[in-house]
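Worksheet: the structure to be examined is printed underneath.
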There are 4 protein chains.
Amino acid sequence: MSSSPQTKSVPRKRSNGIAAREKILDAAARIASERGYEGTSISVVSKRSGFPASSIYWHFKNKDDLIAAVIERSFAAWLQALTDLQPPGEDATLEEKVTHQAAQFSHAIEVSPDFLRLGLMLGLEHRPEDPTARKMFLKVRSRAFRNAVKSFAEWLPDFDRGALEELASFTVALADGFFMSQQVADATHDLMGRVDMQAAAILGVVELLRQKRG
Amino acid sequence: MSSSPQTKSVPRKRSNGIAAREKILDAAARIASERGYEGTSISVVSKRSGFPASSIYWHFKNKDDLIAAVIERSFAAWLQALTDLQPPGEDATLEEKVTHQAAQFSHAIEVSPDFLRLGLMLGLEHRPEDPTARKMFLKVRSRAFRNAVKSFAEWLPDFDRGALEELASFTVALADGFFMSQQVADATHDLMGRVDMQAAAILGVVELLRQKRG
Amino acid sequence: MSSSPQTKSVPRKRSNGIAAREKILDAAARIASERGYEGTSISVVSKRSGFPASSIYWHFKNKDDLIAAVIERSFAAWLQALTDLQPPGEDATLEEKVTHQAAQFSHAIEVSPDFLRLGLMLGLEHRPEDPTARKMFLKVRSRAFRNAVKSFAEWLPDFDRGALEELASFTVALADGFFMSQQVADATHDLMGRVDMQAAAILGVVELLRQKRG
Amino acid sequence: MSSSPQTKSVPRKRSNGIAAREKILDAAARIASERGYEGTSISVVSKRSGFPASSIYWHFKNKDDLIAAVIERSFAAWLQALTDLQPPGEDATLEEKVTHQAAQFSHAIEVSPDFLRLGLMLGLEHRPEDPTARKMFLKVRSRAFRNAVKSFAEWLPDFDRGALEELASFTVALADGFFMSQQVADATHDLMGRVDMQAAAILGVVELLRQKRG
DNA sequence: AATGAATGAGGATTCATTCAT
DNA sequence: AATGAATGAATCCTCATTCAT
């Protein structure tokens, strides 16, 4: 810097904690959603992120903490995607509202599939010592469930709490199933895009619940 | 490691081969469905089954082979459960048939959940080197898909191939989703038992497809 | 072997578990007594013993277990050395008996100093999570203490339990101190050999206790 | 590591340098006397003292230097404790003088046991690369030895140099032994307090040496 | 039909230390 | 006067697998 005035003090790459942390999270997210919890070895994350393993431990307490951070961050992205779409108009029909909701879910999943992928992987595991990452996914997911209940409560004022919760559970399960099918990819048909099918299914269930009540 | 010097090795009775193999598979199945592919280490299987690691290698070529065997065996159990129920009568209504099918699925899953659990875990993973276990699950699963297509073809003679496949995909996705919900267990409601909801959803979709065609 | 009858089936070095275990213990004992618990890294033991680290873990559960085994084994050697000497004659004077005992201790320490060295190192440490090795040393040591009490009880029938225990504690402390001095080696004089000094000190204390009682 | 991103770093007040140094030494002393040289990792000292590792390096050249400083400081405390007591009167009997000396030692050890504890730990280790800390302890200790020789020379003018040194060695060894016993704590009796036993032992040895000479 | 012993590769994590700020 | 960030080397230990018996 002292040598010449025009030396444009190169943007020092050194010691930018946040950026490094982000790069590590990027690598970890990609790997974790490919290989699950056990498969995400620190050494692979190290290789993919370009940081030595010991640097990863500067930013994260341990592997568990790292993966929990991945879940947390990808959930934020997911939430963002979920709110990017406008809510359906007040005077829309139930069918329109439900379709809109399904579209939102599909969109969110398409935009940040890592969240659900890794989350479901963790969800399927039932090991004695539950990693914090799993707990974090569960927490986040139950929030999504409560949101769905609230929406349905607005749209179906005549439904009681029990029915609303059943409907919400069904909706979430449906989204999970569509996602799973896409991931496992044994279907020739890309279900994720079939927003209308999701809506039709939900309406079918609404009908069922209404009959039972009546 | 189970027979390492520290573990006082009980003089093992020259047990017959098949029983040993079965015990190993039992242990492996339990562990794999708890912890997934990577989490199923030979040494844990050894500890849980009571056989030294080297004995496991006497019965199975390698880890991959062991887990493939687990999948294979649990698929057999699943198939058995699936055929225990009688097919619906010829003259049943569509609703009855669909409900019956859903009940069959629910039953099969309840009877041997390990198959689906481990299978979905493997399905979610997308690693470069695909373990045989994963391929085996995919094969088995696509057979289930084709069966569903065949059933629907009988029940809905007016549907074309494309519609039938969409319907089958949907059915499978729905079952997956219900299973996931039960596993993740964030729902207050046990969806697996809600055969009527599954049927209602499918009928809703049938209706949709029928409209589109018309 | 099939090629020629005279091939003297070379003494197979392979798979001789006990011998390997012993070699590992030898290496570990040497290192541990040089560098203490923390300083005894598995990788050094591996290098010194010629076995890869993973082989060490076949024979010992973990580092703690290994060092506990070292203590255990070297205690056996020590006990052996302690009993190699004949007990003093029944009709010997107290001075002769005490001198004999001191000689025994000195001898035992000289023959297998590793036991005391490592033991005292562990004894000095007071970390929260007490390694089993330390506990083992303490156990072994309290046995030595009880033996001393028994000896003194025979030689000094007029002493009460309290006095006997004080005397035994003193004797042990004295031996420790002499050993320490030799190890730290700041003294120009090799105390270990001065059996007569140890005896004189003990007799001085016997006298003191006798006065207090009288 | 104490200030890693996970640990929410409380905005540290620009504390004055000496106080920080002292706090680090406090932490290091406690840890070193619990776990010895190897066990005293910079990161533990950092956690316990509340200062980031890099700050420790600002105050001390390296780990070795830090522990040497610990020894140095605790030696000062020890020396202080040693001189707090007045010397015995000129016209006291030998027994009184020796008892007084023993009391002094006991007191000093009780007041600052860390010095001896850590010192003996280092003394027991015989590793190739001798840490400065060990050398410092040895130096300090040999000074104590020379002091003892000088005292005895005054009290026992008829003893030759050799005898005086043997006596001093014995005294030091005895103190070590008593300390060890207390640390290892296998004795039911708290020997440290038994100043009279130490004195009696020394007098016993004085007697022995006198006989040999005579 | 089985297993005790061994092993190289890799797992997570901590180490002492540095350096730009 | 201090520290956030980084790092290579070392830590303990587990992995999947082999092989002689």
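Values below: all heavy atoms of this structure, side chains included; hydrogens, waters and symmetry mates excluded. All of these numbers come straight from a predicted model, not from anything done at the bench. In what follows, chains carry the letters A, B, and so on, assigned in the order in which the sequence lines appear, proteins first and then strands, with residues in each chain numbered from 1.
In this structure D:Tyr57 satisfies the side chain to side chain donor-acceptor pair (under 3.5 Å) test with no other residue, sequence neighbours excluded. For B:Asp26, the side chain to side chain donor-acceptor pair (under 3.5 Å) partners are B:Arg73, not counting sequence neighbours. Applying the salt bridge (Lys or Arg N to Asp or Glu O under 4.0 Å) test to C:Glu72 and every residue at least two apart in sequence or in another chain returns nothing. D:Ser33 is linked by a side chain to side chain donor-acceptor pair (under 3.5 Å) to D:Asp114, counting only residues two or more places apart in sequence or in another chain.
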Trace of the ring pair (Phe, Tyr, Trp, His ring centres under 6.0 Å) decision for D:Phe75 with D:Phe137: CA-CA 9 Å; D:Phe75 177 58; D:Phe137 173 69; 9.0 Å; no
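At E:dG8, none of the side-chain N or O atoms of C:Ser54 fall inside 4.0 Å of OP1 or OP2 (strictly under the cut-off). Here B:Trp58 does not reach the OP1 or OP2 of E:dA1: none of its side-chain N or O atoms lies under 4.0 Å away. For the OP1/OP2 pair of F:dA5 and a distance below 4.0 Å, the side-chain nitrogens and oxygens of A:His59 include no atom meeting the criterion.
Toward the 5′ end of DNA chain F lies the nearest nucleotide of C:Lys61, the other residue of the pair B:Asn62 and C:Lys61 mapping further downstream. Nearest-nucleotide positions on DNA chain E place B:Arg21 closer to the 5' end than the other of B:Arg21 and A:Ala53.
Distance alone, capped at 3.5 Å, is enough to place a donor-acceptor pair between the B:Arg134 side chain and the B:Glu125 backbone. Using modelled atom types, no side-chain atom of D:Ser55 and backbone atom of D:Phe51 make a donor-acceptor pair closer than 3.5 Å. B:Lys47 places no side-chain N or O within donor-acceptor distance of the main-chain N or O of B:Ile42, the cut-off being under 3.5 Å.
Remark: P of F:dT7 and OH of D:Tyr57 are 18 Å apart, rounded to the nearest angstrom. In this structure, the CD1 atom of C:Ile56 is 11 Å from the P atom of E:dA6, given to the nearest Å. Atom CG of A:Asp64 is separated from atom P of E:dG11 by 18 Å (rounded to the nearest Å). Atom CG in A:Asn16 sits about 12 Å away from atom P in E:dT21, given to the nearest Å. C:Tyr37 has its OH atom 14 Å from the P atom of F:dT11, to the nearest Å. To the nearest angstrom, P of F:dA2 lies 10 Å from CD1 of D:Ile18. Here F:dT3 presents its C1' atom at 16 Å from CZ of D:Phe60, a figure rounded to the nearest Å. The distance between atom NZ of D:Lys63 and atom P of F:dT11, rounded to the nearest whole Å, is 12 Å.
Closest approach to the B:Pro52 side chain among E:dA16, E:dA6, E:dG4 is made by E:dG4 (side chain taken as heavy atoms from C-beta onward).
Around NZ of B:Lys139, the count of heavy atoms belonging to other residues, nucleotides or ligands within 6.0 Å does not exceed 12.
Taking every heavy atom of residues 38-47 of chain A and every atom of DNA chain E, pairs under 4.0 Å involve A:Thr40, A:Ser41, A:Ile42, A:Ser43, by number.
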Under 3.5 Å for both distances, Watson-Crick or G-U wobble, that's the pair rule; now give the dot-bracket for DNA chain E, with | marking pairs to another strand and [ ] for crossing ones. .||||||||||||||||||||
